[in-house]
Amino acid sequence: MDSRFDFESSRAEISALWNSVNIANPDIVRTLSYSALAYSEQMRNVNQSSKVQKNSHRITSPRLEPYVLVLPPPNLTGILHMGHGLNCTVQDSIIRFNRMLGREVLWLPGTDHAGIATQQKVEAELKSKHKTKEALGRTAFWEYTKQFAEKNKDTILMQFEMLGASFDLGRYSFTLDEKRAQAVFHCFKTLYDRGLIYKGNYLVNWSPGAGTALSDDEVEYKEVQGHLYYINYQLVPPSALNVTSQQDRIHKTDIAQNIKNETKVRHIQIATTRPETLLGDTAVAVHPEDPRYVDFVEQGYSVRIPVCGRIVPLIADARVSQEFGTGAVKVTPAHDKNDYALGIAHELAFMSVIDEHACMQGDIPNEYRGLSVGEARSKIIEVLEQEGHLVCTKPHVHQVGHCHRTGTVVQFLLSEQWYVRMHDMAQKALQAWKRGDIVFYPQTWEKTFEHWLTHVRDWCISRQLWWGHRIPVWYHRETGEAIVSISDPSDKKGLEKNSYVQDKNVLDTWFSSWLWPLSTIGWPQHTKEFIKYYPNTSLVTAYDIIFFWVARMIMAGIEFTGLVPFKHIYLHGLVRDAQGRKMSKSLGNGIDPIELIHEIGPDALRFTLVYMCAQGRDVLISKDSFQLGTKFVTKVWNASRFVLASCENVLGGSGEIMEYKEVLKSKHLKLVDRWIVGELQDCARVVERAMSQYRVDEAAHEVYKFFWNSFCDWYIEFSKFYIQVEDDFNKDRADKTSKPKTSKAATDGTRIQSSATVLLVVLQQSLRLLHPFIPFVTEKIYQLLQDRFPFDSDIRHVLAAEAYPHIDHPDTFCHDITNIVLPHFSTGDNTQKKTETREMSKSREATEISELQELISELRRVRSELQLPKKLKLDVCFVELKDNVSIYKHKDLIEFLALIKLLDSENRECQSIKVVGSFFEARVYITNDDYDFSAQTQLIRSRLSKLHEQEKSLSKQLSNPQFTQKAKPEYREKIRLQYETLVETTKKLASILDSVE
RNA sequence: GGGCGAAUAGCUCAGCUGGUAGAGCGCCUGCCUUACACGCAGGAUGUCGGGGGUUCAAGUCCCUCUUCGCCCACCA
């Protein structure tokens with residue numbers, strides 16, 4: 001075995017192993033132990049699930065519901081980015097964890113056709129080939145795009161496999177496939193029949209870049225440094241107007257003469273950021289109480305628009321702010337949201353002067369027709385300046401809507417579109433949330449969710465695209481009658497074919513995505529799958545699509561089934577670079593997950609992401625961040641390598657392992673064995689609690705700490721003593737010391753073997769603990785472990801299908817190669833008394849092990865601080881040992897790990913220094929070196945000053961009567977004990993200082 | 001304008017229900033100790049953004065101010 005895990009060569013092999021047992025398919029009964037060969041016989045009928053489960057060894061418990069999760073379908077526009085990497089990793093960790101808990105797990109994958117984004121990409125591709133979609137025609141374009149999507153789908157699924165995603169590919173869904181199309185149609189028809197879908201001519205957000213209308217949510221407002229142009233509009237007194245022309249005074253330019261005849265030409269000044277829209281102005285509005293303009297309004301003045309000379313009314317409306325600009329606003333009802341509302345209220349004319357390409361059009365002076373909005377703006381400013389209408393220009397920062405897909409500035413146009421009425425659905429969703437049917441993790445998002453639903457507006461669902469679900473509405477060629485139908489209704493109506501023509505537009509992509517939890521499991525049919533898996537357990541996604549997707553899914557779920565689509569929503573953060581910027585191609589700060597997998601492996605990538613995914617926070621990473629995962633995976637690999645090699649050495653190969661079932665009785669287990677098992681179980685418990693709260697980062701932290709600090713730093717080091725006892729070190733010591741001591745372990749073969757076996761078991765269990773996060777390396781080791789020490793003679797166990805170590809499943813803890821019953825943790829007996837004894841003995845042992853660790857650390861510290869060479873064995877003698885002789889039980893272990901020799905009596909012949917701990921005072925002899933004691937004095941001094949400070953604060957606290965009266969007794973006692981220990985330690989240290997000086 | 005969040009070691013961040021501050025990286029010292037130098041053993045480092053309050057006790061709860069993010073809405 002190499003000292004680095006060769007993930008490149010193992011990845012495919014392990015994926016193949018998982019595939020061979022179809023790990024992701026919930027329809028297969030998994031006995032705890034898989035037989036790859038026999039797996040096909042385990043296919044079961046869903047109907048018989050309960051029966052089969054009962055007979056299987058699987059730890060599936062009836063009290064556990066199935067765990068159901070749908071993958072947020074990635075867009076088929078390209079390849080996966082780091083955000084997908086995070087999303088996938090988090091879900092897979094949750095899924096693997098729940099699978100190992102014995103739940104029936106369904107994780108359903110799929111992809112999204114992403115209407116606008118995909119069509120954009122394809123059109124760009126066509127453009128580079130000097131083609132257009134129009135030249136291709138709708139059918140050919142569709143086929144072309146389909147192929148494009150198909151190609152990306154293959155890449156994306158391969159990438160998911162590289163990440164280790166254990167979703168059920170057999171249930172792969174695509175938002176645009178036949179089944180999903182059925183669901184979309186059913187949805188449309190139902191909503192239409194319920195009166196929740198309507199068509200109308202309204203002001204829409206129009207993306208000139210994508211050539212389609214957008215929903216409000218697809219518009220991104222960005223701050224833009226623009227200008228505020230102050231323009232004089234000429235005031236026209238009613239006398240100048242021909243009374244009979246009041247009705248159609250717009251376009252009347254022949255009254256210009258009348259105006260000229262007025263002696264005093266007066267102006268009203270307006271302010272605008274979009275002067276080009278003045279061509280579409282059909283009024284000027286002021287506040288009804290604005291003293292500057294109130295007279296003009298009352299007297300029925302009109303206004304003459306510069307450039308085009310049109311006369312429009314001066315209107316009064318309370319929505320106009322007196323404070324902003326000049327208090328007078330030009331009104332362009334066809335191209336501005338607020339003006340649209342004014343236009344409706346005052347029955348103004350709607351003049352469309354901007355077309356769908358953001359070019360000027362309509363009833364405007366010829367020289368402007370066809371100019372782009374930008375060109376028109378420049379030209380109009382020029383003309384206004386020449387004609388003296390432009391008063392001034394001021395810089396102005398304002399928010400401008402941009403198409404969130406193409407980035408082009410959104411225009412507001414009048415257009416006929418389809419809409420979904422949202423209000424009632426939103427109310428139902430709010431009620432469900434208030435009832436607690438749905439819970440957000442972290443909960444902070446609930447307010448955002450509530451706010452959006454409370455203020456939701458109708459959803460524009462039609463898109464002027466070709467790639468998507470065609471709107472299932474057919475219009476009669478002559479009568480215009482509209483029929484909702486998936487295909488030409490002519491036949492059904494007994495009419496000639498092609499009597500109807502289908503709506504040209506397609507539906508918003510989200511109109512299929514919002515059905516995702518429904519459509520992927522059979523809806524609108526009430527299939528068994530649907531009944532079993534709906535509602536899903538949870539949804540795991542990034543917070544940026546809470547409106548687009550999450551809120552809408554909830555509404556759809558409730559609208560169509562009366563139930564929320566999932567119970568938990570875990571919203572994780574976005575992946576950003578180390579400076580907190582979004583990863584993007586233009587910034588060049590992106591990290592390609594697949595490239596990185598080739599570099600560091602999937603486990604290192606996964607572990608880092610999960611470790612850093614703190615709730616409610618974005619994940620800021622640079623390439624350096626991944627060291628964390630890389631190092632951890634290597635550590636796991638090497639520790640396992642050591643365990644395997646050592647155990648092979650001690651146990652001598654695979655055949656013998658079976659005998660150890662007998663050997664491993666509790667009486668052979670040592671303190672350190674029980675300790676590490678306890679640590680492992682504690683860790684598993686914390687992981688379970690963390691995972692149930694979607695605190696994946698915390699779970700990762702815990703397993704990291706357990707594996708590295710407890711298992712590697714302590715337990716493996718302990719075990720080296722028990723299994724490597726007959727090495728040179730001990731021989732050396734035996735030669736040197738007057739009283740040679742053969743280790744107990746060395747003389748007791750059974751004990752070595754049991755130690756090795758426990759080591760194997762703990763490793764095996766640790767692998768299970770780690771597997772949800774780093775599946776590849778752990779699975780690889782699990783297989784290697786079985787190569788040498790098969791758990792069962794005929795069955796090859798797959799780690800991904802093993803049981804998670806769990807305190808509540810004692811039988812699952814040490815199964816297979818061991819069946820050892822661990823005295824403290826066996827739960828066979830639950831009587832109160834026994835529990836107490838167990839707890840007491842657990843705490844006594846906990847003290848023992850922490851004292852052992854403290855002593856070893858202190859002795860190591862002395863060596864390190866005094867810079868004594870490692871090879872120098874130090875003699876140590878206890879001067880004082882606080883009511884604890886049990887430490888002597890571990891004499892050999894201490895000597896081994898601290899590289900010392902414990903003497904029975906004080907040796908006064910050479911120099912020595914004292915070491916003080918919380919429960920001991922010892923003398924360390926420095927035999928064969930001259931040693932400068934001043935260094936030690938220095939160290940003691942600095943330590944003393946710290947202790948004194950602590951002592952002071954504790955004593956202050958203890959002498960406070962308030963504290964003694966009010967603090968919790970347990971805490972008071974704790975502080976008192978702490979203080980006593982501190983005083984004692986300080987005393988000892990002080991006396992050492994005295995003796996040295 | 002409304003909402004949410006963040007300010008903790010040089011850097012990036014943990015710190016769940018109040019009990020006397022942690023990790024990784026970086027830094028210093030010593031080690032290539034036959035699992036691992038992507039390592040081991042030690043070590044240093046913090047007025048927990050400022051101010052006030054509640055409490056025996058506040059990084060943690062409340063108020064307030066400052067700075068910085070994000071989301072939503074928007075006065076043209």
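So you know, we letter chains A, B, ... as the sequences are listed, proteins then strands, and number each from 1.
B:A21 and B:G39: their C1' atoms are spaced 28 Å apart (whole Å). If you take atom C1' in B:G2 and the same atom in B:C74, they sit 11 Å apart, rounded to whole Å. On the P atoms, B:C27 is 40 Å away from B:C62, given to the nearest whole Å. Comparing B:C32 with B:A41, their P atoms sit 15 Å apart, to the nearest whole Å. On the C1' atoms, B:C48 is 15 Å away from B:G18, given to the nearest whole Å. Only the C1' atoms considered, B:U47 is 14 Å distant from B:A9, to the nearest whole Å. With C1' as the reference atom, B:C68 and B:U8 are 16 Å apart, rounded to whole Å. For B:G51 and B:U66, the P atoms lie 15 Å apart once the distance is rounded to whole Å.
When the nucleotides B:G19, B:G24, B:U12 are ranked by their closest atom to the side chain of A:Leu620, B:U12 comes out on top. The nucleotide whose nearest atom lies closest to any side-chain atom of A:Arg4 is, among B:C38, B:A76, B:C36, B:C38. Across B:A76, B:C56, B:A35, the shortest atom-to-atom separation from the side chain of A:Gln962 is found for B:C56. When the nucleotides B:G24, B:G19, B:C40 are ranked by their closest atom to the side chain of A:Tyr704, B:G24 comes out on top.
If you check the side chains of A:Trp433 and A:Glu446, you find a donor sitting under 3.5 Å from an acceptor. For A:Gln322 and A:His287, the side-chain atoms include at least one donor-acceptor pair closer than 3.5 Å. Donor-acceptor pairing under 3.5 Å is recorded for the side chains of A:Thr277 and A:Lys330. Between the side chains of A:Lys780 and A:Thr778, no donor N or O sits under 3.5 Å from an acceptor N or O.
Cation-pi contact between A:Lys394 and A:Tyr230: present, with separation from the ring centre below 6.0 Å and deviation from the ring axis of at most 45°.
Within the nucleic acid shown, A:Thr634 comes within 4.0 Å of at least one base atom, counting heavy atoms only. Note on A:Thr272: only backbone sugar-phosphate atoms sit closer than 4.0 angstrom, heavy atoms only; bases stay farther off. Here A:His396 lies in heavy-atom contact (under 4.0 Å) with sugar-phosphate atoms only. Across all strands shown, A:Thr630 has heavy atoms under 4.0 Å from base atoms, whether or not it also approaches the sugar-phosphate. A:Ala639 comes within 4.0 angstrom of a base, heavy atoms only. Looking at heavy-atom distances under 4.0 Å, A:Arg695 makes contact with sugar-phosphate atoms alone, never a base. Among the atoms of the strands shown, base atoms are found under 4.0 Å from some heavy atom of A:Lys968.
Rounded to whole angstrom, the span from the CZ atom of A:Arg863 across to the C1' atom of B:C40 amounts to 14 Å. The nearest whole Å value for the distance from the CD1 atom in A:Ile621 to the C1' atom in B:C11 is 16 Å. Straight-line distance from the CG atom of A:Asp2 to the C1' atom of B:A37: 15 Å, rounded to whole Å. Spacing between atom NZ of A:Lys956 and atom C1' of B:G19 amounts to 16 Å, rounded to whole angstrom units. In this structure, A:His701 places its NE2 atom 13 Å from P of B:C16, rounding to the nearest Å. When rounded to the nearest whole Å, the span between NE2 of A:His455 and C1' of B:G3 equals 10 Å. Between the P atom of B:C56 and the CZ atom of A:Arg976 lies a distance of 22 Å, rounded to the nearest Å. The CD atom of A:Glu323 sits 14 Å away from the C1' atom of B:A76 (whole-angstrom rounding).
Nearest heavy-atom pair, A:Ile591 versus A:Lys623, reported as atom, atom and distance to 0.1 Å: CD1-N, 3.8 Å. The minimum heavy-atom distance linking A:Thr282 with A:Pro313 is given by the pair O-CD, 3.4 Å.
Residue-to-nucleotide contacts include a donor-acceptor pair under 3.5 Å from the side chain of A:Lys720 to the base of B:A35. Side-chain to base pairing of A:Lys447 with B:C4: no donor and acceptor N or O lie closer than 3.5 Å to each other.
Under 4.0 angstrom from either OP1 or OP2 of B:G39 there lies at least one side-chain N or O belonging to A:Lys631. Contact check, A:Trp708 against B:C40: a side-chain N or O comes under 4.0 Å of OP1 or OP2.
Between A:Phe548 and A:His404, the ring center distance clears the sub-6.0 Å criterion. Ring-centre distance between A:His572 and A:Tyr543: not below the 6.0 Å cut-off. Taking the six-membered ring for Trp, A:Phe350 and A:Tyr340 have ring centres closer than 6.0 Å.
Considering only residues two or more places apart in sequence or on other chains, A:Gln693 meets the side chain to side chain donor-acceptor pair (under 3.5 Å) condition with none of them.
In RNA chain B, runs of at least 3 consecutive Watson-Crick or G-U pairs, each pair with both distances below 3.5 Å, span B:1-7 with B:66-72, B:10-13 with B:22-25, B:27-31 with B:39-43, B:49-53 with B:61-65.
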Protein-nucleic acid N or O pairs under 3.5 Å, nucleotides 68-73 of chain B:
from  : atom 1 : to       : atom 2 : distance (Å)
B:A73 : OP1    : A:Arg457 : NH2    : 3.0

Pairs under 3.5 angstrom, nitrogen or oxygen only, protein versus nucleotides 41-46 of chain B, please.
from  : atom 1 : to       : atom 2 : distance (Å)
B:G42 : O2'    : A:Ser864 : OG     : 3.2
B:A44 : OP1    : A:Lys946 : NZ     : 3.1

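Taking CG of A:Leu859 as the start and CG of A:Leu897 as the end, the distance is 10.5 Å to the nearest 0.5 Å.
When A:Leu763, A:Leu785, A:Ile781 are each tested for a side chain to side chain contact (heavy atoms under 4.5 Å, CB included) with A:Val643, only one passes: A:Leu763.
For residues 596-624 of chain A, the pairs satisfying ring pair (Phe, Tyr, Trp, His ring centres under 6.0 Å) are A:Phe607-A:Tyr611, A:Phe607-A:Phe632, A:Tyr611-A:His701, A:Tyr611-A:Tyr704, with sequence neighbours left out. Listed by first and then second residue, the side chain to side chain donor-acceptor pair (under 3.5 Å) pairs that reach into residues 631-642 of chain A are A:Asn638-A:Arg641, sequence neighbours excluded.
Nearest-nucleotide assignment on RNA chain B puts the 5′-proximal partner with A:Asn709, out of A:Asn709 and A:Ser640.
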